[in-house]
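Have a look at the structure below before the remarks.
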Amino acid sequence: MATELPKAYDAKAAQEKWLTFWEERGYFHSNPDPAKKPFTIVIPPPNVTCALHMGLALNHTLQDVLIRWRRMQGFNALWIPGTDHAGIATQAVVERLVFAQEKKTRHDLGRDELVKRIWAWKDQYEARIITQLREMGASCDWRRTRFTLDPVCARAVRETFFRMFKDGYIYRGKRLVNWDTHLQTSVADDETDTVETKGGFWTFKYQVVEKEYLGDELFGKPVYEELPDGTIVKGDTLLDPDAPNLDATQFISFSTTRPETMLGDTAVCVHPNDERYKHLIGQYVLQPHTGREIPIIADGILADPKLGTGCVKVTPAHDPNDYACWQRHPEIGIINILNLDGTINEQGGEYKGLDRTKARDAVTEKMKELGLYIDRADRDIPLKISDRSKTPIEPLLSDQWFVKMGDFDSAVACGVAGNATPQATKQGLAQMTMDAVTSGRVKFYPDRYARSYLDWLGEKRDWCISRQLWWGHRIPVWSKRFTERGVFNFQRKGLALMVPAGTDAAFQFQEDTLTIHVALRADDTFKADLEGNGYKQSEDVLDTWFSSALWPHSTLGWPGPVLPEARADRTAPDWEKDQSYYPTSVLVTNRDIITLWVARMVLTGLFNLNEIPFSHVYIHPKVMDGFGEGMSKSKGNGVDPLDIIERYGTDAMRYGMAKLATETQDSRLPVSNVCPHCGKEVPVKQEHMYMRTKKLACPECKKEFRPGGPWPMEDTERPTAKQGSDRFEEGRNFANKLWNATRFLLMNLDGYTPGAIKLEELPTEDKWLLSRLATTTKAVTGALEGYHFSDVARLLYDFVWSEFCDWYIEMSKGRLKDAAARPLAQRVLAGVLDGILRLVQPVMPFVAESLWHALNETASERGLPAPAKAEESVVIAKWPSYPDAWISAEVESRFARMQDLVKSVREVRNRYQVDDKTRLDVSVKCAEAVAADFNALATFIGPLAGIATLTAGPTATKPKQAGGIVRPEFEAYVSLAGLIDVAAEIKRLEKQIADKRKSLEGTKAKLSNEKFVAGAPPEVVQLQRDLVVDVEKQIAAMEENMRDLESA
RNA sequence: GGGCGUGUAACUCAGCGGUUAGAGUGCCUCCCUUACAAGGAGGAAGUCGGGGGUUCGAGUCCCUCCACGCCCACCA
C-alpha cells in the first residue's frame, strides 16, 4: 500500500521542503555547455529600496515559468538575478532615515560616510529581496547574483563610458534641470509630481524704448515657425526694413505665473504673423528691475497669438520653453538669476539674496510702483514638486554630461592615448537602436509596444547621464579649467605625451570654458598624476540607467577577464566562456521602462558588442487596483504578495499571476481586508486609499482593525488586516485538486505494474483522454512559445479539472475494481498524471514536485505510450510531447455526446427533488432509454449520473441538445406530476420553446438566403442544416411534454 | 493636444469573422457518496458601451460618438 497523502495540500510545508531540495541539488545553477543550447533571461533588477509588490510578483513569476519550461525542454537555462542601486531613490531613503534617527543631513555626514551607510542599507535590503524572490520559487542561478554597483558591473560601466567618451558620443553640455532647492540636487522628471496649486496669473507691461537697432544682426535673423506636421522651419524674415519707428510711449503687455523670473528676462517674444505686434519686432523694451534693455523677437514656436496677450517674456535660464527659444535665438543671451538654494543671485541686482517667493512679491510691488502692473487673476497652476522634499522645483541651467543620440554629423573634439578600442560605428546611436527593432532582430510581444520604443527613439533626444548625487557610479572624468588660452593650448598639445604607457586615457577640450576633460578607463597611476596637476574628478555620478543599460552583458562578465569574487556563495562571471549566453533570449518587463531601460540596453549592446541584448521583449500587463488605478506606495493601494502567499500558497499566487497575464495593458486586482478577528473578507473601498482610513469595523464581528497597506508604523491599538483577493482562490483550489487527484491514484495503485499501451486496444474513454492530453500539451507548449500565460493557466485548469478529474477519474473507478481491467487503468492514470505534473511544473512547481515524489514511490516507472524511469525531480523532467495521432475528433465528439446524456439525466434528477426511490426509478428509466446508443460508454452513464444500477435496454433515442430534455425521461417524470410544480414547469417550457423557435427562425432564414449557401464554407452550411433538424426535434419533444403536463 | 489600451453575467476576465457567447468567484437548490466541502451535481444571471457601415454572416472588421484608464507632450 502506498503512503497515503494527507487530505489537503499543505502549501507552506511544500514550499519549505522543496526550496531546500532544489537548491541542494543545484538545479538552478548553469554552466556554459557546448552540448546544450542556452536559454537566458536577465532579471529586471528590482531597486534595492523596493519592497516586494504585486508587479514584481507578476514579473518574476512569468520569467520563472519560461525558465522552468525551457529547462525541461533541455535548454541550458540560465536566469540571472540581481538588484539595482537605483541612485536617487535609495540615497533619498537613507538620507531620510539618517535624518530621522540622528537629525543629520548628508552634508553633516559627508560623501564617504553617507555612501558607507547606503552600502550597509543595501546589503540588508538586497538580502530581503533575494529571500523573497526565492520564496516565490524563482529558479534563478543564485551564484550569479549581481548588483549594478558591484565590481563586475562597475568595470563594464567604466569601459562603456570610456569608449563613448573617446568616440565623442559623450559630451559636456548645458541643460535645464529640475532643481530641488531644498535638497540642493537635481531630480529627474519622473521624480517629480505635478500638482494643481492655487497661484496667480499676473499681467504686466514693459515700456518700449528707443534704442539703436542692432541692424541686420537682429533684422536678418530668420523667423522660426512650426508647421502643422511638427517640423520647425526657418522662414524668411517677415520684417519690413522700412518699418516705421515707434513712438516712445508704447508698451507691450505680457502675462506670467512667476513674476520673479522677470529678473532673468532677456527678450520678449511675439508670433511673427501677429498683426498687433508685427511692427514692434526688432525694437527693445526696458526691463525695469535690472535696467536691461531687451529685444522684442519673433518666434512662432514659443509665442501663441491665442494665448494671453499674445506676447510672452523669455527667461531662458529658468523655463524649458524659453530655453529652447534661446537656442534658436542665441543672440538674446541667457541669464541665471538663482543661487542653488533658491535665492536670487547678483544678477538680480537689488533683489539679491531674497528668497524666490519674497522676490516675487518685491518684483511685483516694484511694477506697481512703476505703473507697469496691469492685473492679477487667481489661477490653478500645475506646480512641479519634488517627490522627496515636497518643495517646488526650479528649472535651473547647469553643466551636464550627455550621450549624443542623434546622427553623427560633427564629432566632439577629443583625443585618445593608449590602447583605445576601435569604435564599432559612427552611426547615430538612436538610429542604430531603432534599426534593431525595425529589422526584426529584436521583437516585441505584443508587437504594438514596438511603437512606443520607436516613437521615443525617433526624437533622438540626447541622454543626460550625469546626476548630482553621491550614490552611484562616479563619473570617471577628471577636468581642469584654465584661465589663459595659451596655457590651455599648451596643455592640450602636450597631454597625450604625459600619459604613461599602458594607460587608456581620452581627452575632450572645451573651447568656450578653456576646460580639459580626461576620461580614464581604469584607476591607475595616471589618475594620481592628474590629480597632482590640479585635475579634479567630477563630483557627479552616472544616471542609474547607464549601469542597468549594460545589465545583459555586464552580468556575464563583459569585458573580462574574471574578477575575484569576494563571497563564497557567488561565482564570478567569466566573459570568455559566459558570452555563449549572450544575446539573451527574452526580456520580460512592463511598459513603463520600454524607453528608459529596454531601448538603452539595445543601444549599449549594439555599441559595445555589435550584438542585440535579447531577441524577444515580452511586455506584461500592469497590475492595477480594483478601481483601475495603478498601485503605488503613496496611494496605499498596493498588495503585499506575502499576504497572498500566506493565505493561498505560492503556487496559487503564481497561478493567479499567470492567469492575469493577458494581452491587455492593465489587469485589475481587487482586494479585501481579511478581518484579523474573525477572518471575514471586507472589500476594500476607494475611500480607503492614501491611508485615510486608520480603522475599520468588521461588519461581521464588529471588532476594529486597521486596513492592510504599506503602513510605516506599527499600530499599537488594533491589529492590521492582511489582504486577500478571490482571484487567487482558483489557483489554491486547483493545487488542491491536483493533490487529491494524485491522492486518489495512490490509493488505487496496489499491484501497479508498468507496461506499454497500444492506442488501438484502449477503451474509448482512454482514447478520449489521450486525445485531450495530446491536444492540451500541444496547446500549452504553443501558448508558452507565444507568451500567452493566461492561456497556459486556463488550458491546464480545464484539462485537469473538467476532463481528467470530472470525467476520467470518475469513469476509472469501476475499472479499478475490476481485476482484469485494473492494470491498464492504473497505467493510463499514472501515465497521464505524469504528463500533467510535468505540464504544471513551470506554473506550480511546489505542488508538482510534492506529487512527483509521491508518485515516484509506487510508480517510478510510468509514462505513455511506453513507461520509463521517472526523473528524480519534476524540475529536471523532460517536457512532454505526444503523438499527433492520438488526437481524434471522432472520439472526442462521441465522448461529448455521452457527456451530454449524462448531464441530461443529472438535470432531471436535480430539478425534481423527489424521494430517493422515485429518483432512482426515473433515472434508471432515462438512462436505459438513452444508453444503448453508446456501446461501451453506456457502462458509465449510470455511475456518472449517480444511478446505482443500470440495465441497458434496447430503446435508442437521439440524444438531447443542451437545454432540452429527451422524451423518455420526460415521460418518466411527468408521471410523477403530482410531485412537481406543474405551473412552474409549464412556464419554463414555454420560455424554452419560444427561445428555440426564435433561434430556429434565424437559422432557417440563413439557409434560405442563397448568398449564405453559396458564400459560406460547406461545413458551416451543413452545420446549420443539422441544427434545424435537431432544434425541430427538440421543439416537437417539448411540445409533447407540454401537452402531457397540461393533461396531468 | 498626441499615442496606446479598455468597456461582454453582480465582480475579475476569456472569446478576435462562422453552430444556441464561456470560465473563475459570488448568488440559489440539493448532497459531508471511501481523491478532494479548498469538494460533487444542478440552476438563475448577458438587447457583448451607443449609433452607423462592410459582409451571406459581426462581441469579433471599419467609421463615429460616449465613458474609463495608462503613457507622452503642453499650459506665458
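Below, read A as the first sequence line, B as the second, and so on, with proteins coming before strands; counting in each chain starts at 1. Note that the coordinates shown come from a computational prediction; the quantities given were computed from them, not determined experimentally.
Between A/K622 atom NZ and B/rG69 atom C1' the separation is 10 Å, expressed in whole Å. To the nearest angstrom, P of B/rG57 lies 14 Å from CD of A/E1010. Straight-line distance from the CD atom of A/E729 to the C1' atom of B/rG39: 14 Å, rounded to whole Å. Rounded to an integer number of Å, the gap from CZ of A/F627 to C1' of B/rU12 is 13 Å. B/rC68 atom P lies 12 Å from atom CZ of A/R668, rounded to whole Å. What separates CD of A/E730 from C1' of B/rC36 is a distance of 17 Å, to the nearest Å.
Within the nucleic acid shown, A/Q665 comes within 4.0 Å of at least one base atom, counting heavy atoms only. Using a 4.0 Å heavy-atom criterion, one finds that A/S667 contacts the sugar-phosphate atoms exclusively. When heavy atoms are screened at a 4.0 angstrom cut-off, A/C269 is found touching no nucleic acid atom at all. Heavy atoms of A/Y449 sit nowhere under 4.0 angstrom from any nucleic acid atom. A/K817 comes within contact range of no nucleotide atom at all, as no heavy-atom separation falls under 4.0 Å. Counting any heavy atom pair closer than 4.0 Å across all strands shown, A/T315 reaches no nucleic acid atom. Counting non-hydrogen atoms under 4.0 angstrom, A/Y9 reaches a base of the nucleic acid.
Candidate nucleotides B/rG5, B/rC56, B/rU34 were compared by shortest atom distance to the side chain of A/R448, and B/rG5 ranks first. Residue A/R727 has its side chain nearest to B/rC13 when only B/rU25, B/rC13, B/rG3 are considered. For A/F1012, counting side-chain heavy atoms from C-beta on, the closest listed nucleotide (B/rA35, B/rC11, B/rC56) is B/rC56. Checked against B/rA35, B/rU25, B/rU20, the side chain of A/T1003 finds its nearest nucleotide in B/rU20. Side-chain proximity of A/R743 to B/rC56, B/rG26, B/rA35: nearest is B/rA35. Comparing B/rU20, B/rU12, B/rA38 by their nearest atom to the side chain of A/L1027 picks out B/rU20. Listed nucleotides B/rU20, B/rA38, B/rA35 differ in distance to A/C805; the shortest reach to its side chain belongs to B/rA35. Nearest nucleotide to the A/M624 side chain, out of B/rA35, B/rG69, B/rC13: B/rG69.
The side-chain contact (heavy atoms from CB on, under 4.5 Å) check on A/S725 picks up A/L669, A/V671, A/R727, A/F728, with sequence neighbours excluded.
Ring-plane geometry between A/W326 and A/Y323 is classed as tilted, the angle between the planes lying from 30 to 60 degrees on a 0 to 90 degree scale.
Between A/E663 and A/R448, none of the side-chain N atoms (NZ, or NE/NH1/NH2) sits under 4.0 Å from a carboxylate O, so this pair counts as no salt bridge. For A/D791 and A/R794, the salt-bridge test passes: some basic side-chain N is under 4.0 Å from an acidic carboxylate O.
Here, B/rG69 and B/rG43 have their C1' atoms 36 Å apart, quoted to the whole Å. Across B/rG40 and B/rG49, the matching P atoms stand 32 Å from one another, rounded to whole Å. Comparing the same atom, C1', in B/rU33 and in B/rU20 gives a spacing of 34 Å after rounding to whole Å. Rounded to whole Å, the C1' atom of B/rG24 lies 16 Å from the corresponding atom of B/rG39. Remark: the separation of the P atoms in B/rC48 and B/rG42 is 27 Å, to the nearest Å. Between B/rG50 and B/rA67, the two P atoms lie 15 Å apart (nearest whole Å). Using atom C1' as the reference point in both B/rA73 and B/rC4, the two lie 15 Å apart (nearest Å). With C1' as the reference atom, B/rC56 and B/rC61 are 16 Å apart, rounded to whole Å.
Other residues, nucleotides and ligands contribute over 12 non-hydrogen atoms within 6.0 Å of the CD atom of A/E459.
OP1 and OP2 of B/rU19 both lie 4.0 Å or more from every side-chain N or O belonging to A/K1006. Regarding contacts with the backbone of B/rG40, a side-chain N or O of A/W801 is found under 4.0 angstrom from either OP1 or OP2. Regarding contacts with the backbone of B/rG40, a side-chain N or O of A/K737 is found under 4.0 angstrom from either OP1 or OP2. Applying the 4.0 Å criterion to OP1 and OP2 of B/rC4, one finds that A/R451 has a side-chain N or O inside that range. Contact between the side-chain N/O atoms of A/S725 and the OP1/OP2 oxygens of B/rU12 is not found at any separation under 4.0 Å. Under 4.0 angstrom from either OP1 or OP2 of B/rC36 there lies at least one side-chain N or O belonging to A/K7. Applying the 4.0 Å criterion to OP1 and OP2 of B/rU25, one finds that A/N733 has a side-chain N or O inside that range.
Each of A/L660 and A/K1011 was assigned the nucleotide of RNA chain B with the nearest heavy atom; the assignment lying further toward the 5' end belongs to A/L660.
Using a 4.5 Å heavy-atom cutoff, the side chains of A/P316 and A/T266 are in contact. By the 4.5 Å heavy-atom criterion applied to side chains, A/F254 and A/V314 are not counted as neighbours.
At a cut-off of 3.5 angstrom, counting only N and O atoms as typed in the model, there is a donor on one side and an acceptor on the other between the side-chain of A/E810 and the base of B/rA35.
If you check the side chains of A/T261 and A/K313, you find a donor sitting under 3.5 Å from an acceptor.
Anti is the conformation of B/rG40, whose glycosidic angle sits further than 90° from 0.
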